[in-house]
Amino acid sequence: MNVSSLARVRIAEVPERAPYAHGHLSPLIKQLIQIRKQRKLSQSHLNDIIGYTDNLVSRWECGDRFPSAFALFAWAEALGCEVVIKPKP
């Protein structure tokens, strides 16, 4: 897959406190949820694609857990996206 053809998902600035409070969805997670729904993928199918347990994507999407960096990149890759990390200006 050509990298230039992938949709870009940009990382939001991370606050200094814990980056993922229970029930709070970061802009990045919201974008990934939106893209998953646009691609008409169920959470279960996404779990199968990235090789995680049955309810892990659900836990990420409802704010119970935050994906590891590896899982975050796998999630984006499964959706045909790339995660772009840029230094603060």
Side-chain angles (χ1 to χ4, degrees):
M1 187 179 300
N2 184 342
V3 174
S4 64
S5 67
L6 296 175
R8 290 189 178 260
V9 178
R10 302 218 178 259
I11 299 283
E13 288 185 31
V14 178
E16 289 188 27
R17 62 176 179 77
Y20 204 66
H22 177 76
H24 171 75
L25 297 179
S26 73
L28 173 63
I29 301 299
K30 288 179 183 178
Q31 286 180 318
L32 290 171
I33 292 168
Q34 180 181 14
I35 293 166
R36 178 185 62 78
K37 290 178 179 179
Q38 288 172 349
R39 303 237 191 308
K40 297 184 183 352
L41 287 173
S42 68
Q43 291 174 339
S44 178
H45 189 209
L46 185 56
N47 279 317
D48 291 342
I49 292 169
I50 60 178
Y52 285 98
T53 61
D54 291 339
N55 64 352
L56 193 54
V57 170
S58 173
R59 294 162 100 191
W60 294 340
E61 290 187 0
C62 71
D64 287 344
R65 296 195 58 190
F66 190 76
S68 68
F70 177 80
L72 186 60
F73 281 91
W75 187 2
E77 180 70 24
L79 294 175
C81 300
E82 74 180 321
V83 177
V84 178
I85 300 173
K86 295 173 72 173
K88 292 181 181 180

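Counting only distance, with no hydrogens or angles, the side chain of R36 and the backbone of L46 share no donor-acceptor pair below 3.5 Å. A distance-only check finds no donor-acceptor pair linking the side chain of R59 to the backbone of R65 [under 3.5 Å].
Between V57 and I50, the shortest heavy-atom contact is CG2-CD1, 4.1 Å. Listed here is the closest heavy atom pair of R39 and G80: NH2-O, 4.1 Å.
Side-chain contact check for L28 versus L72: some heavy-atom pair is nearer than 4.5 Å. Considering only heavy atoms from C-beta on, E82 comes within 4.5 Å of V84 through its side chain. Proximity of P67 to I29: side-chain heavy atoms (C-beta onward) are separated by under 4.5 Å at one or more points.
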| said: Test side chain to side chain contact (heavy atoms under 4.5 Å, CB included) on I49 and L79; report intermediate values, then the result. | reply: CA-CA 10 Å; I49 292 169; L79 294 175; over 6 Å; no
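In this structure, CZ in F73 is found 10.0 Å from OG in S68, a value given to the nearest 0.5 Å. Considering CD of Q31 and CD of Q34, their distance stands at 7.5 Å, rounded to 0.5 Å. Taking OG of S58 as the start and CG of N47 as the end, the distance is 8.5 Å to the nearest 0.5 Å. Within the model, atoms CG of L32 and NZ of K37 stand 12.5 Å from one another, a figure rounded to the nearest 0.5 Å.
Residue pairs meeting the ring pair (Phe, Tyr, Trp, His ring centres under 6.0 Å) criterion with at least one partner in residues 29-54, sequence neighbours excluded, are Y52-W60.
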